[in-house]
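Worksheet for the structure shown next.
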Protein chains: 2
Amino acid sequence: MAMELRRPERTFTIRQLCTEFKATPRALRFYEDKGLLTPARDGMNRVYSYKDRARLILILRGKRVGLSLQEIREILELYDEGDEAMSQNAHSLKKFREKIVVLEQQREDIDGAITELQQACERLEGRLAEKRPDLLPKADDYDQMLRARLDGHAEMAIGK
Amino acid sequence: MAMELRRPERTFTIRQLCTEFKATPRALRFYEDKGLLTPARDGMNRVYSYKDRARLILILRGKRVGLSLQEIREILELYDEGDEAMSQNAHSLKKFREKIVVLEQQREDIDGAITELQQACERLEGRLAEKRPDLLPKADDYDQMLRARLDGHAEMAIGK
DNA sequence: AAAAGACTTGACGTTAACGTAAGAGGAATT
DNA sequence: AATTCCTCTTACGTTAACGTCAAGTCTTTT
């Protein structure tokens, strides 16, 4: 009977998660050091479950939006922690609400930065078209950009 | 005749810009070191123009959306550089387009993170309301949050 | 059995973006 | 004149988030 590679019982090696998410083993061990991941062991070797993988996804996204590992850990702890340390949680609640405000501001910043960059690109293209049209990107370049982009999304979508 | 503190001829000391934008002198000098700012001098002392201040605003926003100082510098250089180094610019163009893609992804991430945090907050509040309603934030707290938020925006809007 | 690959644990190195402390120069206040 | 205050430069310290060896174990391949 073939292994069921898509079922929740499925486990992952460190290398598998790394290639899937373009991380390094060092990074995953580091997250473990900091208490963000706690994979099982097979002898010495780490064995990551689907839950571990889900946590890793949250970690990486948290990083992309500028959260520190410390902040990410606090969020993750909400998911497994039963409910001891309630007064701690009151504090977490406050911090989360503040973080939401920061993120909303950050989204505005990003929108601004995007339009800014687009204007800069247009100015650049204008000047290049005028003086050095030979340096303008070829259609191929855009093709490749789009491909890379789609690949990335596909990986996320189907879990490789 | 009173000094015209709102006109473009107006200049700023390092401390003024720092208090306006909640930065430190060390940071501004650091940006200068890295070539992101080049204020004039009055003897030894730095004198920042309106243009310098505008650049600083861009620097800080760039930082908030996760750009490195190096990347921010490349963007800023587009604004003063006449048009030597055209082939350099072809490279910049490519990098900017890539950065736009990254930022768009980042905005999605932020939206995701916001909803995630909001759910976490709701779960937390639910548990707190059930077991320790005394720890729930008071109306005052939210008042204060909103005030802080509005203050922040006001500062940006009216340039203090 | 020997070599080649993954995995492991230290332990030290690195980079970005400042912080911090020391020492000195002018301007303003007492 | 002395103190206070702001600024300057120089230089070493710091933190986060890993990178990069080194040295060992286990498994698989040759």
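Proteins come first, then strands; the chains are lettered A, B, ... in the order of their sequence lines, and each starts at number 1.
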*If you write DNA chain D from 5' to 3' in dot-bracket form, with Watson-Crick or G-U pairs under 3.5 Å, [ ] for crossing pairs and | for pairs with another strand, what do you get?*
||||||||||||||||||||||||||||||
*So, for C121(B) and R97(A), which heavy atoms are closest and what is the spacing to 0.1 Å?*
CB-NH1, 3.7 Å
*Close side-chain approach of L69(A) to L36(A), heavy-atom, < 4.5 Å*: yes
_nucleotides 5-19 of chain C: protein proximity per nucleotide (B base, S sugar-phosphate only, - neither; heavy atom, under 4.0 Å)_ = --SBB-B-----BBB
_Partner set under side-chain contact (heavy atoms from CB on, under 4.5 Å) for D111(A), not counting sequence neighbours_ = R107(A), R107(B)
*With sequence neighbours excluded, tell me which residues meet salt bridge (charged side-chain N to carboxylate O under 4.0 Å, His left out) with K95(B).*
E74(B)
*Would you confirm whether Q119(B), through its side chain, and E116(B), through its main-chain N or O, come within 3.5 Å as a donor-acceptor pair?*
no
_d(CD1, I59(A); P, dC18(D)) in whole Å_ = 10 Å
*For E32(B), check side-chain hydrogen bond (donor to acceptor under 3.5 Å, both in side chains) against everything at least two apart and list the hits.*
R41(B), R46(B)
*What heavy-atom pair brings R15(B) and P25(B) nearest, and what distance separates the two atoms?*
NH2-CG, 3.8 Å
*asked:* Once side-chain contact (heavy atoms from CB on, under 4.5 Å) is applied, do any residues pair with T24(B), and if so which ones, sequence neighbours excluded?
replied: R26(B), A27(B)
*Taking CG from D42(B) and C1' from dC8(D), how many angstroms apart are they, rounded to a whole number?*
13 Å
